[in-house]
Protein chains: 2
Amino acid sequence: MLKLTRKVEYALIALRHIQSKGDENISSAKEIADAYGIPAQLLAKVLQQLAREKIIDPVQGPAGGYRMKKDLESINLTDFFELLEGPVGLMDCFFDSNCNQHAQCNIKSPILKINDSIRTLLDKMSVADVMK
Amino acid sequence: MLKLTRKVEYALIALRHIQSKGDENISSAKEIADAYGIPAQLLAKVLQQLAREKIIDPVQGPAGGYRMKKDLESINLTDFFELLEGPVGLMDCFFDSNCNQHAQCNIKSPILKINDSIRTLLDKMSVADVMK
DNA sequence: TCTTTATGGGACTTTTTTAGTCCTATTTAG
DNA sequence: CTAAATAGGACTAAAAAAGTCCCATAAAGA
Ligand code: FES
Ligand code: FES
């Protein structure tokens with residue numbers, strides 16, 4: 001409950017690693033996986049996703065890998081999480097709205113308040129903030 | 001990711017219901033389950049847990065049920081969540097510390113910061129706040 | 001006193017989500 | 001040409017969450 005997924009965790013680890021190597025160097029999925037004990041195939045997918053989202057730039061071929069593309073200051077955590085995991089909300093009701101069974105649910109709007117508070121908090125933090 | 005569990009959701013629904021009935025009335029698990037379309041057995045367990053935690057008072061026998069015991073103003077959300085679901089943290093590393101595979105993890109302390117922010121937020125809200 | 005309806009609670013099963021693997025294609029430096 | 005990298009679909013395994021089953025105990029009321 002209220003946990004981050006490994007996907008997000010791996011993405012953050014990788015981004016921090018890539019950033020620490022500087023703009024001139026490029027880091028491969030395998031290199032990062034080995035460095036942190038992350039399953040290589042899984043990390044590969046996460047990096048591919050980050051590349052699709054234009055956060056990192058892929059370089060193919062041997063000696064290939066990824067380098068930073070987007071400024072991490074410009075991505076807030078809500079967007080980052082949603083881009084990796086889809087809609088972020090404490091309950092599914094907020095986006096699905098197929099909550100037929102609880103027609104007279106008495107906590108939807110109250111929970112929405114907590115939800116908004118958390119989103120506001122995450123909105124105010126950038127991915128770069130997490131890496132300071 | 002970052003979701004509440006149904007257990008918590010059911011607990012909040014039930015507490016709000018019990019509170020709305022006032023101190024003199026008593027609400028049974030079945031009554032609440034029927035009213036909101038919640039599986040009765042499951043709700044029963046949640047209510048039993050709330051009773052063990054002295055949040056509600058059980059009344060046994062026919063015409064039994066539960067009535068409010070603790071003032072909901074006095075329970076903050078962090079405590080409430082943890083009492084139902086155990087430690088709340090974005091990653092297991094914060095309590096387990098058996099994170100052997102990521103010996104050189106580079107995001108532990110940064111994530112801890114987000115975690116603290118969320119906890120602080122939840123600390124400041126009481127269960128009663130959720131029901132306003 | 002018996003029956004019925006409630007809570008209490010262990011053990012289990014099912015479902016859903018998350019995590020991880022496998023396999024094949026494409027790109028490209030050397 | 002080959003080796004090492006990204007790209008990505010399909011699948012399997014593991015873990016977590018949700019729900020069910022079953023029996024025990026309590027007590028109100030006929
Ligand atoms: S359970 Fe869906 S709105 Fe409350
Ligand atoms: S993965 Fe456990 S501390 Fe980072």
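Each chain gets a letter, A, B and so on, in the order its sequence line appears, and its residues count up from 1.
- Going from atom CG of B:Leu42 over to atom C1' of D:dC21 covers 13 Å, rounded to whole Å.
- When heavy atoms are screened at a 4.0 angstrom cut-off, A:Ala44 is found touching no nucleic acid atom at all.
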* Asked: How does protein reach along nucleotides 24-30 of chain D, written 5' to 3' as B (base within reach of a heavy atom under 4.0 Å), S (only sugar-phosphate), or - (no contact)?
  -> --BBB--
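- For A:Tyr10, no side-chain nitrogen or oxygen approaches OP1 or OP2 of C:dA19 to under 4.0 Å.
- Summarising the geometry, the separation between NZ on B:Lys30 and P on C:dG8 is reported as 17 Å, rounded to the nearest angstrom.
- In this structure, B:Lys45 and A:Ala40 both approach DNA chain C, and ranking their closest nucleotides by distance from the 5' end singles out B:Lys45.
- Regarding contacts with the backbone of C:dG8, a side-chain N or O of B:Tyr66 is found under 4.0 angstrom from either OP1 or OP2.
- Applying the side chain to side chain contact (heavy atoms under 4.5 Å, CB included) rule to B:Leu42 yields the partners B:Tyr10, B:Pro39; only residues at least two apart in sequence or on another chain are considered.
- Side-chain atoms of B:Gln41 and base atoms of D:dG19 include no donor and acceptor less than 3.5 Å apart.
- The side chain to side chain donor-acceptor pair (under 3.5 Å) check on B:Gln41 picks up nothing, with sequence neighbours excluded.
- Ion pairing of B:Glu82 with B:Arg119 is present here, as a side-chain N (NZ or NE/NH1/NH2) and a carboxylate O approach within less than 4.0 Å.
- Under the salt bridge (Lys or Arg N to Asp or Glu O under 4.0 Å) criterion, B:Lys124 pairs with no residue, sequence neighbours left out.
- Put simply, A:Arg52 has a side-chain N or O that comes within less than 4.0 Å of OP1 or OP2 on D:dG8.
- Here the C1' atom of nucleotide C:dT27 and the CG atom of A:Asp57 are 15 Å apart, to the nearest Å.
- There is no path of hydrophobic side-chain contacts, each under 4.5 Å, that joins A:Ile32 to A:Ile26.
- Atom pair B:Ile56:CD1 and C:dG8:C1' shows a separation of 12 Å (rounding to whole Å applied).
- Contacts of B:Thr78 classified as side chain to side chain donor-acceptor pair (under 3.5 Å), with partners at least two apart in sequence or in another chain: B:Asp123.
- Take A:Ser27 and apply the side chain to side chain donor-acceptor pair (under 3.5 Å) test, not counting sequence neighbours, and it matches no residue.
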N/O donor-acceptor pairs under 3.5 Å from side chains in residues 49-66 of chain A, not counting sequence neighbours:
| unit_1 | atom_1 | unit_2 | atom_2 | d |
| --- | --- | --- | --- | --- |
| A:Gln49 | NE2 | A:Leu83 | O | 3.3 |

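- Remark: P of C:dT24 and CD of A:Gln48 are 17 Å apart, rounded to the nearest angstrom.
- B:Asp129 meets the salt bridge (Lys or Arg N to Asp or Glu O under 4.0 Å) test with B:Lys132; sequence neighbours excluded.
- Contacts between residues 14-26 of chain B and DNA chain D, counted as heavy-atom distances below 4.0 Å, involve no residue at all.
- A:Lys113 pairs by the salt bridge (Lys or Arg N to Asp or Glu O under 4.0 Å) definition with nothing, not counting sequence neighbours.
- Not counting sequence neighbours, the partners of A:Glu31 by the salt bridge (Lys or Arg N to Asp or Glu O under 4.0 Å) test are A:Lys21.
- Counting to the nearest Å, the C1' atom of C:dT16 and the NZ atom of B:Lys3 are 12 Å from each other.
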Expected rows: protein N/O vs nucleotides 13-17 of chain D N/O, under 3.5 Å:
| unit_1 | atom_1 | unit_2 | atom_2 | d |
| --- | --- | --- | --- | --- |
| D:dA17 | OP1 | A:Met1 | N | 3.1 |

